[in-house]
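First up is the structure itself, then whatever we jot down about it.
Bear in mind that the values here come from a model prediction, so they are computed numbers and not experimental data.
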Amino acid sequence: MGMAAHCNSAPLSCKTWRNRGPTLLAARLCSLPQTPFSFRSDTLKLSTCRWDKVASAVASEESAVGSSSSGTDVFNLTYLEGNSWLWDISGLRVLVDPILVGNLDFGIPWLYDAAKKFLKNFELTDLPQVDCLLVTQSLDDHCHLKTLKPLSEMSPNLRVIATPNAKPLLDPLFRNVTYLEPGQESEVEAENGSKVRIRATAGPVLGPPWQRPENGYLVISPQGQLTLYYEPHCVYNKDFLEKEHADIVITPVIKQLLPNFTLVSGQEDAVQLAKLLHAKFIVPMKNGDLDSKGFLASIIQGEGTIESFKELLSKELPDAKTLEPTPGEPLQIPPP
């Protein structure tokens, strides 16, 4: 498979050429999700019990936001494995890069096929009401058509914020899509009146150097008390981000490597990202920790651990806290 080198000489790193086929697959194994986020998993006994926890957390946030006396922003972050998240931001729910129907295989299952390890039996009908769908990148591990097609049939008017690179995929599905270039922002409002600002940042370039980068995002809470940064490859434009700050950084910390090619960064790059944004909380995501098979899966190697990341972080940003999410359980982060 022909793959472009990861170009670190420029502010934006360049990943593979963006042909949509086997070449792409290799380029995008950066995240590797699959099956549903299962609050009903028999294996984990997540079922109603765990969903009740999530619903309870959401309800408590909604009541807090609905009360003018509250005055406190809170993020509830539920990791759905791979690159997928459900965020509740003071009552406003954002579904991020969902892979909730079927496996992740880039349309080439003989080459790569991945399933989630823990959250296996989710159905789209189990989702709570979602206020916004957020899409970081245009490839299958972020813009998963097997999930997005049925989701659009259920909610064709769902508010969507995405990279312009995903326009050919999303326009036929959703009626209310906002495409953000790096530096642009948009506001999302929940039924309870909460308003969250989402600003795009520059992520990886998945193709030739002149191609538009994919997106990361800064998410600003309703009262501006908390800002979250998310980019699922730990690839960022340093010049752009040095003007920003984020209390919460969600990032991979374990590198994913092919021979002579970096799929996902982490470790020291994640530390420098947290330092650049003056982060108080780092939420590490294991987007390569999936049950995968196929030739490409056999040659992907991980580098580093969460513990080695913590050790590096303690030297550079000793006051920052690493908060490890448990798949399917909300992680609550109030203002520091």
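- Between the side chains of Glu329 and Thr78, no donor-acceptor pair is found at a separation under 3.5 Å.
- Scored by the side chain to side chain donor-acceptor pair (under 3.5 Å) test, Tyr217 finds Asn215 as partners (sequence neighbours excluded).
- Among all heavy-atom pairs drawn from Val94 and Ile89, the shortest one is CG2-CD1, 4.0 Å.
- Between the side chain of Asp105 and the backbone N or O of Gly107, at least one donor-acceptor pair lies under 3.5 Å.
- A 4.5 Å side-chain heavy-atom check between Lys195 and Val188 finds every atom pair outside the cut-off.
- For residues 201-212, the set of pairs meeting the salt bridge (charged side-chain N to carboxylate O under 4.0 Å, His left out) definition, not counting sequence neighbours, comprises Glu181-Arg212.
- Judged by distance alone, the side chain of Glu191 and the main-chain N or O of Asp131 form no donor-acceptor pair under 3.5 Å.
- The local environment of CG in Asn260 is sparse, with at most 12 non-hydrogen atoms from other residues, nucleotides or ligands closer than 6.0 Å.
- When each of Thr305, Thr322, Ile306 is tested with Val253 by the rule side-chain contact (heavy atoms from CB on, under 4.5 Å), just one qualifies, namely Ile306.
- Residues Leu323 and Ile333 meet the side-chain proximity criterion, which asks for heavy atoms closer than 4.5 Å.
- To the nearest 0.5 angstrom, Ile299 atom CD1 is 5.0 Å from Leu258 atom CG.
- The main-chain N or O of Ser152 is never found under 3.5 Å from a side-chain atom of Ser155 such that the two would form a donor-acceptor pair.
- Of all non-hydrogen atoms in Leu92 and Ser194, the two that sit nearest each other are CD1-O, 3.6 Å.
- A 6.0 Å sphere centred on CD of Glu187 holds more than 12 heavy atoms belonging to other residues, nucleotides or ligands.
- Within the model, atoms CZ of Phe75 and CD1 of Ile248 stand 5.0 Å from one another, a figure rounded to the nearest 0.5 Å.
- Between Met285 and Trp85, the closest side-chain pair of non-hydrogen atoms falls below 4.5 Å.
- Here the side chain of Gln184 pairs no donor or acceptor atom with the backbone of Ala200 at under 3.5 angstrom.
- Side-chain contact between Phe174 and Leu133 is present, with at least one heavy-atom pair separated by less than 4.5 Å.
- Remark: Glu189 CD is packed, more than 12 non-hydrogen atoms of other residues, nucleotides or ligands lying under 6.0 Å away.
- In this view, Pro156 and Arg175 satisfy the side-chain contact (heavy atoms from CB on, under 4.5 Å) rule, not counting sequence neighbours.
- Side-chain contact, Asp73 with Ser221: a donor N or O sits under 3.5 Å from an acceptor N or O.
- The OG1 atom of Thr201 sits 8.5 Å away from the CG atom of Asn237 when rounded to the nearest 0.5 Å.
- Interatomic distance, CG of Leu173 versus CG of Leu145, reported as 6.5 Å (0.5 Å rounding).
- Here the shortest heavy-atom pairing between Pro325 and Pro284 reads CD-O, 3.3 Å.
- At a cut-off of 3.5 Å, with distance as the only test, a side-chain donor of Gln137 or His233 sits close to an acceptor on the other residue.
- Under a hydrophobic-cluster definition in which Ile, Leu, Val, Met, Phe, Trp and Tyr are linked whenever side-chain heavy atoms come within less than 4.5 Å, directly or via other members, Leu124 and Leu169 are assigned to the same cluster.
- Residues passing the side chain to side chain donor-acceptor pair (under 3.5 Å) test with Glu244, sequence neighbours excluded: Arg199.
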Give the intermediate values and the outcome of side-chain contact (heavy atoms from CB on, under 4.5 Å) for residues Tyr179 and Ile161. CA-CA 6 Å; Tyr179 297 104; Ile161 293 179; over 6 Å; no

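- Proximity of a side-chain donor or acceptor of Tyr79 to a complementary backbone N or O of Gly82 within less than 3.5 Å is detected.
- For the residue pair Glu231 and Gly203, the shortest heavy atom distance occurs at CG-CA, 4.3 Å.
- Scanning all heavy atoms of the two residues, the minimum distance from Pro98 to Leu148 falls at CG-CD2, 4.0 Å.
- Thr251 meets the side chain to side chain donor-acceptor pair (under 3.5 Å) test with no other residue; sequence neighbours excluded.
- Side chains of Asp113 and Ser292 form no contact here, defined as non-hydrogen atoms less than 4.5 Å apart.
- Interatomic distance, Thr147 OG1 to Asp140 CG, rounded to the nearest 0.5 Å: 8.5 Å.
- The line from CD of Gln211 to CG of Asn165 is 6.0 Å long, rounded to the nearest 0.5 Å.
- With sequence neighbours excluded, the residues satisfying salt bridge (charged side-chain N to carboxylate O under 4.0 Å, His left out) with Lys167 are Asp171.
- Using a cutoff of 4.0 Å between basic side-chain nitrogens and carboxylate oxygens, Asp269 and Lys238 are not scored as salt-bridged.
- Side-chain heavy atoms closer than 4.5 Å link hydrophobic residues (I, L, V, M, F, W, Y) into clusters, and following such links, even through other members, never connects Tyr112 to Leu257.
- Of the N and O atoms on the side chains of Ser84 and Asp97, not one donor lies less than 3.5 Å from an acceptor on the other residue.
- Listed by first and then second residue, the salt bridge (charged side-chain N to carboxylate O under 4.0 Å, His left out) pairs involving residues 150-164 amount to none (not counting sequence neighbours).
- Contact annotation: the side chain of Leu226 never approaches that of Val219 to less than 4.5 Å [non-hydrogen atoms, C-beta and beyond].
- Judged as a salt bridge (charged side-chain N to carboxylate O under 4.0 Å, His left out), the pairs with a partner in residues 245-254 (not counting sequence neighbours) are, in order, Asp247-Lys280.
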May I have the step-by-step check of side-chain contact (heavy atoms from CB on, under 4.5 Å) for Val205 and Val235, ending in yes or no? CA-CA 9 Å; Val205 174; Val235 175; over 6 Å; no

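- Listed by chain and residue number, Glu185 satisfy the salt bridge (charged side-chain N to carboxylate O under 4.0 Å, His left out) test with Arg197 (two or more places apart in sequence, or in another chain).
- Under the 4.0 Å criterion applied to side-chain N and carboxylate O atoms, Asp291 and Lys120 are assigned as salt-bridge partners.
- Ring-plane geometry between Trp87 and Tyr230 is classed as perpendicular, the angle between the planes exceeding 60 degrees on a 0 to 90 degree scale with a lower cut at 30.
- Residues forming a salt bridge (charged side-chain N to carboxylate O under 4.0 Å, His left out) with Lys310 (at least two apart in sequence, or on another chain): Glu307, Glu324.
- The minimum heavy-atom distance between Ala279 and Ala320, with the atom names listed, is O-CB, 3.7 Å.
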Decide yes or no on side-chain contact (heavy atoms from CB on, under 4.5 Å) for Val160 and Thr178, but give the supporting numbers first. CA-CA 6 Å; Val160 181; Thr178 301; over 6 Å; no

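- Counting only residues at least two apart or on different chains, the salt bridge (charged side-chain N to carboxylate O under 4.0 Å, His left out) pairs with a member in residues 248-260 are Lys255-Glu268, Lys255-Glu303.
- Contact check for Val271 versus Leu317: no side-chain heavy atoms found under the 4.5 Å cut-off.
- Here the side chains of Thr163 and Thr136 are not in contact, with every heavy-atom distance at 4.5 Å or above.
- Under the side chain to side chain donor-acceptor pair (under 3.5 Å) criterion, Asn176 pairs with no residue, sequence neighbours left out.
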